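The structure appears right after this line, and notes come after that.
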Amino acid sequence: MDTNIPSSGKATAGTTPFEPAERWRITKNVLAIGFAFMVHFTAFMGASNLQSSINADHSLGTFTLAAIYGSLIFSNIFLPVLIISWVGCKWAISLSFLAYVPFIAAQFYPRFYTMIPAGLAVGFGGGPLWCAKCTYLTVVSEAYATLADVTADVVVTRFFGLFFMFYQLAQVWGNLLSSAVLSYGAEASANATNVILNVSAIAGKCGPNFCGPTSDASDNPNLKPPPAERIHLISGIYLGCMVLASLIVAFGVDNLARYDRGRVGSGTGRTGFQLLAVTLKLLREKSQLMILPITVFIGAEQAFLFADFNVSYVSCAWGVENVGYVMICYGVANAIAALATGSIIKMTGRVPVMVVAVALHMGIMVALLFWIPDPQQSTIFFLFSGLWGVCDAVWLVQVNALSGILFPGSEEAAYSNFRLWEATGSVVAYAYSPYLCTDMKLYILMVILGVGMVGYALIELVVGVGRVPIRGPVEKTEFELVSTGEDPPR
C-alpha cells in the first residue's frame, strides 16, 4: 500500500484525505485513553496505597507490591512488543486492564497464596499496558504534528502532560473513596485517644526512625488494620472501576492503524526472541544507558511514597484512615504539574525544569530526615505529599517524552525499557523496605537521584536534546489516514 498522499492532497487507494477535524479526533482518542487510565488507576492506586497499612502482617502488602514490580520486569522484557504485534495498541490496553482484576479480588481474602499470584498477574499486564499507551500517544502525536504543522517533540510532551494529568487524578478519586469509607463512623473519642498517644510515642517510632509496622502495632493503635467489611466495600467498588475502564478503551478509542504513516514499528514481523532482542538492543545505545539511572529513581521514589511515607509518617503518626486524604494532595499536585510542565518547557526549555525538580526533590528528602511527624501538624503531611507530587510529575512527563524523542521508530522498545527499569527501581525499593529504617531508605534515594541527574546531564551535553529537537516538523506527505473499514490492529 502506498504510504504517501500526493502533494495535491488527493487520496490514494485505501486511504482518505485528512481534514482539519482530524485534530479533534486525535485529541478525543488521547482524552479517552487518559480518562480510562484515570478510572482504572482510581482502583489500583487506592488499593495499593493502603497495602503497607491494611496488610502489614508479615509485610504481606509490601511483598505483594514487590511481586507486582518483579513480574513487571519480566513482562517489560518479553511481552510488550509481542502483545502489541498480536492485538495492537488499543486492544493491548483494553485487555491488560483486566489483568489487574485479581489483585482487587484478592483483597476479599488476603493471604500469601492469593495476594502474591494476583500481584504477579498485575505485573504481567502492566508491561503491555504501559508500552501500548506510550506507543499510541507517540504515534498520534506525530500525526497531530503533521496536521498542526508543529514539531513532534512539542506535541508528544503536550499529550503526555495531558495524559498524566488524568492519570494522577486517579490518586484523588481512589484515595478520596478509601478514606471516606475507612473514616466513616469513626468515634471522636477514639481519635482523641490516638492523638494523645501519638504525641508521646512518635518521637522514637515514627517518621525517619520508623523501622517496620509489625514491631510497633501492639502499642500504636494507628497501625491496627481497619474492619474487614470496610475493605470489602472498597474492593467491590474498585472492581467495577476496572471493568468500566476496559470498556471505555474498547468502544471509545480508534485503532492506531488509522494514523499509519507507513511506520514500521520495532515489533513488526519478528519472532518472540527477536522482539526481546529489539528491546535489549537499545541497552547498547549510550542515550539509553544514560537515561537508566533517572528511570530507576522514578520507580524507587514512587515506591517510597506509596509504601514508606504512607506507613512511617502518615499511618504511624496520624492513622491509616488519613492516608487517602494525604495522597489526594499528592494526586492533585501531580495532575496540575503534569499538565503545566508541557507549557512551561515551551518557555524555559527542558533543562531549567529538570534542575528545579532535582533541587526540590533533594530538599524534600533532606527535610524528611529531620522532621518528626506530629498529628497536630496535619498541614505538613499535605505539604510534603504535594511537593513530592510536583517532582514526580516532572520525572514522568519529561523522561517519558525524552524516551520517545531519543528513539524515533523504536518506541515500543524504548518504552519497554523505560517500564523495565522503572519497575526495577520499584521492586528493589519494595524488597528492602521491610528490612531498613526510613532514614536509610531516604539516603538511598538521594544517591540514586544524584547518579540519575549526572546521566541526564550527559544526555543534554552529548545529544543536545535540550537545544536541538531530535525530530523536527513532520512532513505532511508522510502522513496517511487509513480508511477505517480495513484497519488492521495496531
Side-chain angles (χ1 to χ4, degrees), residues 32-52 54-55 60-76 78-80 83-84 87 89-111 114-134 136 163-164 166-171 173-175 177-178 231-250 253 299 302-303 306-307 327 331 415 419-420 422-423 426-427 430:
I33 289 177
F35 184 74
F37 269 74
M38 182 185 72
V39 173
H40 177 79
F41 282 93
T42 287
F44 179 71
M45 289 180 177
S48 61
N49 287 343
L50 294 173
Q51 290 306 301
S52 60
I54 66 175
N55 292 316
L60 172 59
T62 302
F63 282 124
T64 300
L65 295 174
I68 290 174
Y69 291 95
S71 61
L72 189 59
I73 294 175
F74 173 88
S75 174
N76 277 295
F78 289 98
L79 298 182
I83 297 299
I84 291 172
V87 301
C89 286
K90 168 186 171 176
W91 292 107
I93 294 172
S94 182
L95 296 176
S96 294
F97 279 155
L98 300 180
Y100 286 65
V101 169
F103 172 69
I104 303 299
Q107 305 301 319
F108 289 94
Y109 192 74
R111 302 291 187 274
T114 59
M115 293 285 289
I116 299 301
L120 294 174
V122 170
F124 292 144
L129 173 66
W130 285 94
C131 184
K133 179 273 301 180
C134 290
Y136 194 102
F163 168 82
F164 281 111
F166 278 103
Y167 173 71
Q168 294 301 345
L169 281 175
Q171 288 283 359
W173 310 124
N175 291 304
L177 178 61
S178 65
I231 301 301
H232 295 168
L233 175 59
I234 296 172
S235 299
I237 299 172
Y238 286 164
L239 283 174
C241 290
M242 289 189 169
V243 173
L244 176 60
S246 180
L247 295 175
I248 290 173
V249 175
V253 176
Q302 290 178 348
F306 299 148
M327 287 296 99
Y415 291 123
R419 294 300 297 176
L420 165 65
E422 182 189 35
S426 293
V427 73
Y430 284 127

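These numbers come from a predicted model, not from an experiment.
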Looking at residues at least two apart in the chain, or sitting in another chain, which of them share a side-chain contact (heavy atoms from CB on, under 4.5 Å) with L95?
-> none
For A36 and A245, which heavy atoms make the closest approach, and how far apart are they?
-> O-CB, 3.3 Å
First locate atom CG of L65, then atom CG of N55, and finally report the distance between them rounded to the nearest 0.5 Å.
-> 9.5 Å
Nearest 0.5 Å, what's the OH-OG distance between Y238 and S178?
-> 4.5 Å
Of F41, Y136, F97, which meets ring pair (Phe, Tyr, Trp, His ring centres under 6.0 Å) against W130?
-> F41
Please walk me through it: do V253 and I33 pass side-chain contact (heavy atoms from CB on, under 4.5 Å)?
-> CA-CA 7 Å; V253 176; I33 289 177; 3.9 Å; yes
Pairwise distance CD1(I83) to SG(C89) - rounded to 0.5 angstrom | 12.0 Å
When you look at F164 and F37, which way does the side-chain contact (heavy atoms from CB on, under 4.5 Å) test go after all the steps?
-> CA-CA 9 Å; F164 281 111; F37 269 74; over 6 Å; no
Quick one: pull up CG in N49 and CZ in F306 and give me the separation to the nearest 0.5 Å.
-> 5.5 Å
Would you say the side chain of M45 lies within less than 4.5 Å of the side chain of M38, judging by non-hydrogen atoms?
-> no
OH/Y167 to NZ/K133 distance, rounded to the nearest 0.5 angstrom?
-> 8.5 Å
Let me see the working for I234 and Q107 under side-chain contact (heavy atoms from CB on, under 4.5 Å), right down to the final yes or no.
-> CA-CA 9 Å; I234 296 172; Q107 305 301 319; over 6 Å; no
Is L120 close to I68 at the side-chain level, that is, under 4.5 Å between some pair of heavy atoms?
-> no
Okay, side chain of T114, backbone of Y109: is any donor-acceptor separation there less than 3.5 Å?
-> yes
Please report the closest heavy-atom contact between P102 and A118, naming both atoms and the distance.
-> O-CB, 3.4 Å
Output for pair (L98 CG, H40 NE2), nearest 0.5 Å, gives 8.5 Å
For the ring pair W173 and F35, is the centre-to-centre distance below 6.0 Å?
-> no
Which atom names give the shortest non-hydrogen contact between I73 and A423, and what distance separates them?
-> CG1-CB, 3.9 Å
Output yes when a side-chain donor or acceptor of S96 lies under 3.5 Å from a complementary backbone atom of I93, and no otherwise.
-> no
Quick one: does S75's side chain have a donor or acceptor within less than 3.5 Å of a partner on S71's backbone?
-> no
For I84 and A92, work out which heavy atoms get closest and say how close.
-> CG1-CB, 4.4 Å
Considering all heavy atoms, the nearest A32-I248 contact | O-CG2, 3.9 Å
Closest approach of Y100 and V122, non-hydrogen atoms and distance?
-> CE2-CG1, 3.4 Å
Would you indicate whether the side-chain heavy atoms of Y69 and E422 approach each other to under 4.5 Å?
-> no
